[in-house]
There are 2 protein chains.
Amino acid sequence: METCVHCLNCKLRHMCFPSMLNQSEMSRFNGIIDHRRKVRRGQRLYSAGDTFQNIYVPRIGSFKTVLSSEHGAEHVTGFYLIGETLGLSGISTKRHIVNAIALEDSVACVIPFQQLESLCREMPRLQQHIYKLLSAEIAQKSQGMIQLGSMTAEQRVAAFLLNISARLGARSYSITELSLHMTRGDIGNYLGMTLETVSRTFSRFQKNGLIRVRGKNITLSDAHALNCL
Amino acid sequence: METCVHCLNCKLRHMCFPSMLNQSEMSRFNGIIDHRRKVRRGQRLYSAGDTFQNIYVPRIGSFKTVLSSEHGAEHVTGFYLIGETLGLSGISTKRHIVNAIALEDSVACVIPFQQLESLCREMPRLQQHIYKLLSAEIAQKSQGMIQLGSMTAEQRVAAFLLNISARLGARSYSITELSLHMTRGDIGNYLGMTLETVSRTFSRFQKNGLIRVRGKNITLSDAHALNCL
DNA sequence: CGCATTCTTGAAACGCCTCAAACTTGGTGG
DNA sequence: CCACCAAGTTTGAGGCGTTTCAAGAATGCG
């Protein structure tokens, strides 16, 4: 745990909660945040069953969320990149329902939800941001269901790459150079296919000049073609 | 459109927003609701692209939400039974992103979201209810992704039946007698399989004594076995 | 550097989809 | 009231995409 968090000086403030707040609001928001959490690759930011107290924003690194079914199977329900918000799915049950696992050595800002909630009562724009986050997550999951339900493996992989690209772009990172820190197994699990199918699809895309694969680093060479599969 | 909505006298109030409010709060909540909407089978409650102004609670009947992809394909993203809440996915974009279509002749209460939002500022329990609804929808979609991603067609159909059963049970309806007003095509689309596979799976379940099929009416004879597939 | 993990690629097997035809249901009008 | 028609459902046969199983190659962390 680190202390002394200053949103004002944070390089990521324009892609985080403070982005919709004015200076005095940001200062009040900053007041409820007192630390960050360092999480090593493979370690958990929070676990299924934990009391829901905080939501988190990765400042360095990235995470996956994993839901364990009753039958012992595990399913990757999402990936969370720098500046995105994790933990919201625990609100309704007051407990987290997934494990959040770091895909690389990571650091996340810790936002106490109860204090955030009372702050929202006085700052409508903050409230609206929370709604947006929740609603966007519903839209994202719906999108995921479409991918899984009505697309071929090839289309799903293409949609996945474009989705990551767009999310990186929205946070001013390169939209062509992706570092996929999750394994092929994670991607396959998330997309509802085997890791072999993911690997084979990457290879086929590369052969056709749509992408370039160098281990976990993938270059999108022809995003348009990916979108038209 | 009907007028004169009185939550106090509504038979469904214990499974709706007012359930977590005291009498005076309920009365204020009631104040922002001034009508219901009647929607005939196959007609839309709202359409993708519509400005997001209201959320809805079916009082009679049920709905499906359909997302149209760019490529012209349509995908069923959810079913909404009596007392459940529709329309939340439009919050983030200020526009609805799906078409909400009545599965039978239906009536829904219309809740103006902006007024609901300001009411929330003064009634924390109402606020928490909204959070719960949003968060529960995320959980529901995540569950849906698991179904689509890592289950066989048989398991998906079983999970679907048990899910509907549980949701009816949560609203004090029979958990064994289901009226599925959606078509086999809708179910298949939602579950990521063809309507033929849905039909074949129902037939197989019936042959094995797990359910009884009489057109759209399905009886769960062995819920435990369905859960163990 | 070495070992565990991850990734790639191949061949065979299986589950679901596609196409097709017959049957059932429910709403409409003669 | 029944015939009719459209919409929805059931069932079968064959084909295809994805999975499974397996073995070797490439990463990358300690």
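Labels below follow one simple rule: chain letters A, B, ... track the order of the sequence lines, proteins then strands, and each chain is numbered from 1.
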Using whole Å, what does the distance between atom [atom2] of nucleotide [N] and atom [atom1] of [X] come to?
X: A:N217; N: D:dT27; atom1: CG; atom2: C1'; value: 12 Å
X: B:E154; N: C:dC16; atom1: CD; atom2: P; value: 8 Å
X: A:R214; N: D:dG28; atom1: CZ; atom2: P; value: 12 Å
X: A:R184; N: C:dT5; atom1: CZ; atom2: C1'; value: 13 Å
X: A:E104; N: D:dC29; atom1: CD; atom2: C1'; value: 15 Å
X: A:L148; N: C:dC16; atom1: CG; atom2: P; value: 15 Å
X: A:N189; N: D:dT19; atom1: CG; atom2: C1'; value: 15 Å
X: B:M182; N: D:dT9; atom1: CE; atom2: P; value: 11 Å

_Is the distance between the ring centroids of B:Y56 and B:Y46 under 6.0 Å?_
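Ring centres of B:Y56 and B:Y46 closer than 6.0 Å.
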*asked:* If you take the centroid of each ring, where Trp contributes its six-membered ring, are A:F63 and A:F79 closer together than 6.0 Å?
replied: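 For A:F79 and A:F63, the ring centres are not under 6.0 Å apart.
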*Do A:R41 and A:D105 pass the salt bridge (charged side-chain N to carboxylate O under 4.0 Å, His left out) test, and can you show the C-alpha distance, the side-chain angles, and the key distance before you say yes or no?*
CA-CA 5 Å; A:R41 176 192 150 85; A:D105 292 351; over 6 Å; no
*Tell me which residues in residues 191-211 of chain A put a heavy atom below 4.0 Å from DNA chain C, sorted by number, or none.*
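Residues of residues 191-211 of chain A under 4.0 Å from DNA chain C: A:L195, A:E196, A:S199, A:R200, A:S203.
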*Which sits closer to the 5' end of DNA chain D, A:T152 or A:G215, going by the nucleotide each is nearest to?*
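Counting from the 5' end, the first nearest nucleotide belongs to A:T152.
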*Check step by step if side-chain contact (heavy atoms from CB on, under 4.5 Å) holds for B:M145 and B:S150.*
CA-CA 8 Å; B:M145 286 180 66; B:S150 64; over 6 Å; no
*Picking from C:dC7, C:dC16, D:dT9, which would you name as closest to the side chain of B:K216?*
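Among C:dC7, C:dC16, D:dT9, the one nearest the side chain of B:K216 is D:dT9.
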*Identify which one of B:N189, B:L195, B:T197 satisfies the side-chain contact (heavy atoms from CB on, under 4.5 Å) criterion when paired with B:R184.*
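Passing option: B:L195.
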*Give the minimum heavy-atom separation between B:L178 and B:S165, together with the two atoms involved.*
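Result for this residue pair: CD2-CA, 4.0 Å.
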